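Inspection log for the structure reproduced underneath, given as structure tokens.
Being a predicted model, the structure only gives us computed values, none of them experimental. No hydrogens, no waters, no symmetry mates; every other heavy atom, side chains included, goes into these values.
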Amino acid sequence: MPPKTVGDPNAQIATKLRAFYHSVQEEALPQKFLDLLEKLDAAENSVQRAE
């Protein structure tokens, strides 16, 4: 394959998508989501103890 050039639209799209993906990864989780995860963990633990 030939090397990607700066003018290659596919390379530009890939670079922008990669940057967007990394920015989303760096976002903090909302507290409501963290609370829901804690509740789910607690429910799962109580079911496992009951078995």
Item checked: Residue list, side chain to side chain contact (heavy atoms under 4.5 Å, CB included) with F20, at least two apart or on another chain -> S23, V24
Check: Does any pair with a residue in residues 42-51 pass side-chain hydrogen bond (donor to acceptor under 3.5 Å, both in side chains), and if so which ones, sequence neighbours excluded?
Finding: none
Notebook entry, point to check: Linking Ile, Leu, Val, Met, Phe, Trp and Tyr through side-chain heavy atoms less than 4.5 Å apart, which residues share a cluster with L17?
Noted result: I13
Check: Excluding sequence neighbours, so at least two apart, what forms side chain to side chain contact (heavy atoms under 4.5 Å, CB included) with E26?
Finding: none
Without placing hydrogens or testing angles, list every side-chain donor-acceptor pair under 3.5 Å for residues 27-40, not counting sequence neighbours.
| unit_1 | atom_1 | unit_2 | atom_2 | d |
| --- | --- | --- | --- | --- |
| Q31 | NE2 | D35 | OD1 | 2.9 |

